[in-house]
Amino acid sequence: MSDSQLWDDVDDYFTSRLAPDDEALRAALRENDAAGLPQIAVTAAQGKFLQLLAQLQGARHILEIGTLGGYSTIWLARALPEDGRLVSLEYSAKHAEVATRNLARAGLDRIAEVRVGPALESLPKLADENPAPFDLVFIDADKANNAHYVEWALRLSRTGSLIVVDNVVRGGRVVDERTTEPDVVGTRAAIELIATHPRLSGTAIQTVGSKGYDGFALARVLD
């Protein structure tokens with residue numbers, strides 16, 4: 001058995017026991033596929049992990065940078081109380097339209113909203129609204145701007161907030177300090193920012209699974 005097949009089998013086992021799907025989640029993935037969205041959404045196990053993080057935080061306000069079709073958004077929004085709020089930023093109008101339908105089908109459109117446009121344009125507008133600090137920020141957008149997204153996450157959060165940056169391993173390319181590939185350069189800049197910023201304490205974890213070899217960074221906002 002190949003490593004990738006074994007990873008898939010283990011993922012399937014954990015998902016069936018610990019993160020079973022339901023019709024809203026299945027429908028979201030079907031809708032994403034029908035609309036031709038790239039198959040890069042988080043796995044069910046990863047979605048459940050994000051949900052648990054939000055619940056452990058007692059999160060009332062969540063910011064997501066990078067919506068795609070809203071699959072991860074559903075997992076996160078389900079961790080919020082009825083008066084909670086999730087803002088998700090999506091570059092593509094097509095993706096945002098699909099995500100909005102998926103959220104409505106899941107009964108989460110009163111809690112979660114999708115805003116369309118480049119995140120680095122949407123974030124200053126969001127800040128101008130003086131929103132309540134976000135308790136958890138999930139960053140899963142264009143990797144070249146990861147460090148900028150971490151900076152904004154820090155600005156829009158509070159002491160004790162969590163920042164999650166997805167896909168930081170880049171298939172192992174993250175260790176290549178000579179690379180000029182924007183996704184790796186941006187990811188390395190985010191890791192360096194987490195490592196050196198006086199208000200951040202973080203780590204990064206390598207993972208394997210049905211999405212291959214990857215990982216995520218997790219940072220906590222300090223005083």
Side-chain angles (χ1 to χ4, degrees), residues 4 7-57 59 62-80 86-92 95-96 98-103 105-106 108 111-112 114 119 134-143 145-146 149-150 153 162-171 174 183 187 190 203-219:
S4 61
W7 298 343
D8 287 347
D9 291 347
V10 172
D11 248 5
D12 289 343
Y13 169 72
F14 286 149
T15 297
S16 66
R17 272 35 173 211
L18 303 173
D21 62 9
D22 54 33
E23 182 51 33
L25 290 167
R26 289 191 293 270
L29 292 178
R30 289 197 302 268
E31 181 86 4
N32 293 356
D33 289 343
L37 272 60
Q39 296 183 346
I40 55 174
V42 301
T43 66
Q46 291 166 344
K48 182 66 176 290
F49 174 76
L50 291 170
Q51 186 182 88
L52 287 169
L53 281 181
Q55 290 169 333
L56 287 167
Q57 273 291 91
I62 295 175
L63 173 62
E64 180 181 51
I65 303 176
T67 316
L68 193 62
Y71 184 75
S72 58
T73 320
I74 292 173
W75 281 104
L76 285 165
R78 285 178 169 177
L80 290 172
L86 187 153
V87 177
S88 189
L89 309 180
E90 172 54 45
Y91 176 83
S92 166
H95 295 179
V98 173
T100 299
R101 289 199 299 269
N102 287 334
L103 289 166
R105 186 188 301 108
L108 296 166
I111 291 177
V114 181
F134 291 99
D135 307 299
L136 186 148
V137 181
F138 178 47
I139 299 171
D140 189 14
D142 57 307
K143 311 310 175 187
N145 284 309
N146 270 344
Y149 296 147
V150 172
L162 293 181
I163 302 170
V164 183
V165 187
D166 203 9
N167 308 129
V168 298
V169 173
R170 315 308 300 156
V174 71
D183 64 322
T187 298
T203 190
I205 303 295
Q206 301 179 76
T207 62
V208 295
S210 58
K211 296 296 183 181
Y213 172 42
D214 209 334
F216 64 92
L218 176 66

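Positions are given from 1, in the same order as the sequence printed here. Here the structure is a predicted model, which means the values were calculated and not measured.
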[X] side chain to [Y] backbone, donor-acceptor under 3.5 Å:
X	Y	value
D11	S210	yes
E90	T67	yes
K48	W75	no

Checking D166 now: which residues fulfil side chain to side chain donor-acceptor pair (under 3.5 Å) with it, not counting sequence neighbours?
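Checked D166 against side chain to side chain donor-acceptor pair (under 3.5 Å); zero matches.
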
Using ring-ring contact (aromatic ring centres under 6.0 Å, His included) as the criterion, list what pairs up with Y91, not counting sequence neighbours.
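Partners of Y91 by the ring-ring contact (aromatic ring centres under 6.0 Å, His included) criterion come out as none, since no residue qualifies.
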
What are the two closest heavy atoms between [X] and [Y], and how far apart are they?
X	Y	answer
S92	H95	OG-N, 3.1 Å
F134	I62	CD2-C, 3.4 Å
D33	Q39	OD1-NE2, 3.3 Å
S88	T73	OG-OG1, 4.1 Å
P38	L68	O-CD2, 3.8 Å
V98	A35	CG2-CB, 3.6 Å

Working to the nearest 0.5 Å, report the span between [atom1] of [X] and [atom2] of [Y].
X	Y	atom1	atom2	answer
Y71	I40	OH	CD1	14.5 Å
F216	I205	CZ	CD1	5.5 Å
Q51	L80	CD	CG	9.5 Å
R170	K143	CZ	NZ	6.0 Å
N167	D214	CG	CG	4.5 Å
R26	D21	CZ	CG	4.5 Å

So which of I139, L218, V137 actually passes side-chain contact (heavy atoms from CB on, under 4.5 Å) with V165?
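It is I139, the one option of I139, L218, V137 that forms the side-chain contact (heavy atoms from CB on, under 4.5 Å) with V165.
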
Verdict with supporting geometry, L103 and I111, side-chain contact (heavy atoms from CB on, under 4.5 Å):
CA-CA 9 Å; L103 289 166; I111 291 177; over 6 Å; no

Taking the side chain as C-beta and beyond, is there a heavy-atom pair between [X] and [Y] under 4.5 Å?
X	Y	answer
D9	Y13	no
L25	R78	yes
L136	L76	yes
N102	N32	yes
L50	Q46	no

Could you go step by step and tell me if F138 and V42 meet the side-chain contact (heavy atoms from CB on, under 4.5 Å) rule?
CA-CA 12 Å; F138 178 47; V42 301; 4.1 Å; yes

Chi angles and distances behind the side-chain contact (heavy atoms from CB on, under 4.5 Å) call for Y149, D142:
CA-CA 10 Å; Y149 296 147; D142 57 307; 2.4 Å; yes

Is E23 atom CD crowded by more than 12 heavy atoms from other residues, nucleotides or ligands, each under 6.0 Å away?
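Buried by this count: over 12 neighbours within 6.0 Å.
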
Checking D140 against E64 for the side-chain contact (heavy atoms from CB on, under 4.5 Å) test, could you report, in this order, the C-alpha distance in whole Å, the side-chain angles of both residues, the deciding distance, and whether it holds?
CA-CA 8 Å; D140 189 14; E64 180 181 51; over 6 Å; no

